[in-house]
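Remarks on the structure that follows.
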Number of protein chains: 2
Amino acid sequence: MSDTKQRLLDGTLTTIREQGIAGVSARSIAATAGVNQALVFYHYGSIDGLLVAACESATSARVSAYSERFAAVTSLRELLDVGRSLHSEEQELGNVAVLAQLLAGSQHDEKLAKATARALRLWTGQIEEVLGRVLADSPFADVTDVPGLARALSAGFIGLELYDGVDPNGARRALAALEQLAVVMEVVDESGPVVRRAIRSTMKRKARRR
Amino acid sequence: MSDTKQRLLDGTLTTIREQGIAGVSARSIAATAGVNQALVFYHYGSIDGLLVAACESATSARVSAYSERFAAVTSLRELLDVGRSLHSEEQELGNVAVLAQLLAGSQHDEKLAKATARALRLWTGQIEEVLGRVLADSPFADVTDVPGLARALSAGFIGLELYDGVDPNGARRALAALEQLAVVMEVVDESGPVVRRAIRSTMKRKARRR
DNA sequence: GTCTATAGCTGGATAGAC
DNA sequence: GTCTATCCAGCTATAGAC
């Protein structure tokens with residue numbers, strides 16, 4: 001990967017972070033990257049092509065940075081801890097913000113949509129693997145669609161990031177509330193046989209009613 | 001409210017829906033509204049001013065459309081039902097998509113940020129009121145920050161809407177997984193004294209450990 | 001691979017006729 | 001209040017020199 005191509009990739013992410021998807025243009029990116037504007041088209045064909053490449057490059061690096069930490073998780077409690085630090089680290093780096101902007105842009109850009117879908121699948125794939133392992137013999141195992149939950153978590157983080165941009169206090173509070181709920185899950189997860197049996201039977205009754 | 005001003009408001013929402021925040025311009029909106037481009041500036045001063053006004057007008061109408069339905073809710077189960085239909089109706093109308101795009105644009109636009117924050121507060125205010133009522137004497141009452149949860153729900157719906165744009169099947173699955181979790185909450189909520197006491201004491205133990 | 005230059009278009013915003 | 005006309009900035013994309 002030549003220096004210029006890499007600078008363009010980095011410049012793209014910085015520009016998205018600092019100006020949002022609406023502030024993206026060949027000129028704004030090139031200026032951030034310290035590179036001639038025409039080189040966007042020489043190297044990536046179009047703005048869209050550059051966005052697609054940047055989306056790809058940004059995600060794969062970050063996801064693989066977490067693979068070992070995810071692999072070491074053996075309980076819901078540990079998963080919560082890793083999730084917490086993942087969230088704060090990625091938020092700090094502005095990666096969630098970038099993903100949110102790319103996702104907003106993807107709503108009306110087919111090619112970009114495919115790229116962000118791939119990027120999100122990298123994240124959800126990781127989460128899915130851990131969740132499946134951790135919930136394997138919990139009371140949630142029967143009633144939880146693990147891939148679905150992984151996707152909900154990813155979408156939730158992105159929504160929270162956007163919310164954070166207009167109401168930081170509210171977002172902090174929302175996150176805290178979710179953690180409380182997660183603790184409830186943890187409690188059920190670690191519950192003894194009495195609680196377990198009670199919950200299981202109520203779930204069955206509900207399933208019949210539906 | 002003059003006809004032209006209203007047409008501009010409607011045109012703005014349609015344009016955001018169909019072209020995203022990056023596709024918004026005085027010309028694109030005016031074309032959609034069937035109105036002269038210069039009138040954007042005559043009536044609203046700037047694009048930003050129009051976006052702010054549109055954000056306001058779109059939300060207040062929709063929120064008040066739900067106030068009676070929310071007021072009638074008396075249980076978590078009923079709240080889930082209303083939430084489900086709210087989500088599908090607003091999604092159908094494209095209102096969530098508009099809010100998501102406005103929120104993405106708000107990340108780098110202070111005035112718009114204030115407007116969307118107000119809009120979201122209208123939603124969360126409603127949800128908060130109902131949640132507080134419904135969870136009042138559930139086992140969740142002690143451990144749940146209701147305003148925080150209301151914000152998390154709003155952010156979650158927005159995240160899901162964006163996710164839906166790039167992976168509709170994944171989004172459907174994510175929503176289903178969340179509903180399953182909600183059912184678990186419902187079960188705990190309706191649980192008998194044994195389960196209740198077990199959960200409460202474990203929660204306390206956890207609280208001490210932290 | 002990188003640069004300059006430029007064509008051709010779309011953008012926000014305003015002036016001034018009606 | 002609404003329209004035309006227009007300024008000028010910024011945009012994508014390409015041609016062609018180096």
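Heavy atoms only: backbone and side chains are in, while hydrogens, waters and symmetry mates are out. Each chain gets a letter, A, B and so on, in the order its sequence line appears, and its residues count up from 1.
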Has R151(A) got a side-chain atom pairing as donor or acceptor with L120(A)'s backbone, closer than 3.5 angstrom? no
For A38(B), answer base if it contacts any base atom (sugar-phosphate contacts may also be present), sugar-phosphate if it contacts only those atoms, and nothing otherwise; contact means non-hydrogen atoms under 4.0 Å. base
Roughly, in whole Å, what's the span from CZ in R7(A) to C1' in dT2(C)? 13 Å
For the pair E90(B) (side chain) and N95(B) (backbone), establish whether a donor and an acceptor sit closer than 3.5 Å, ignoring hydrogens and angles. no
Let me know the distance between CD1 of I47(B) and P of dT10(C), rounded to the nearest Å. 16 Å
Min side-chain heavy-atom separation L9(B)-Y44(B) under 4.5 Å: yes
5'-most contact on DNA chain C: T4(A) or Q37(B), nearest heavy atom basis? T4(A)
Just the rounded figure in Å: distance from P of dT2(C) to CG of L8(A). 9 Å
Please tell me which of G45(A) and D3(B) maps to the more 5' nucleotide of DNA chain D, matching each residue to the nucleotide holding its nearest heavy atom. D3(B)
Do S106(A) and T116(A) have side-chain N/O donor and acceptor atoms under 3.5 Å apart? yes
Would you indicate what S46(A) reaches in the nucleic acid, counting non-hydrogen atoms under 4.0 angstrom: base, sugar-phosphate, or nothing? sugar-phosphate
Specify the separation, in whole Å, of atom CG of D109(B) and atom C1' of dG12(C). 14 Å
Does S25(A) make a side-chain N or O approach to OP1 or OP2 of dG10(D) shorter than 4.0 Å? no
In whole Å, what is the span from the CG atom of N36(A) to the P atom of dC3(C)? 5 Å
When the distance from CZ of F41(B) to C1' of dT2(D) is rounded to whole Å, what number comes out? 15 Å
Sequence neighbours excluded, the answer for side chain to side chain contact (heavy atoms under 4.5 Å, CB included) partners of D10(B) is Q6(B)
Taken to the nearest whole Å, OH/Y42(B) to P/dA13(C) is 17 Å
Atom OH of Y44(A) to atom C1' of dA13(D): distance rounded to whole Å? 18 Å
Side chain of L39(B), heavy atoms from C-beta onward: which of dG1(D), dC3(D), dG12(C) has the nearest atom to it? dC3(D)
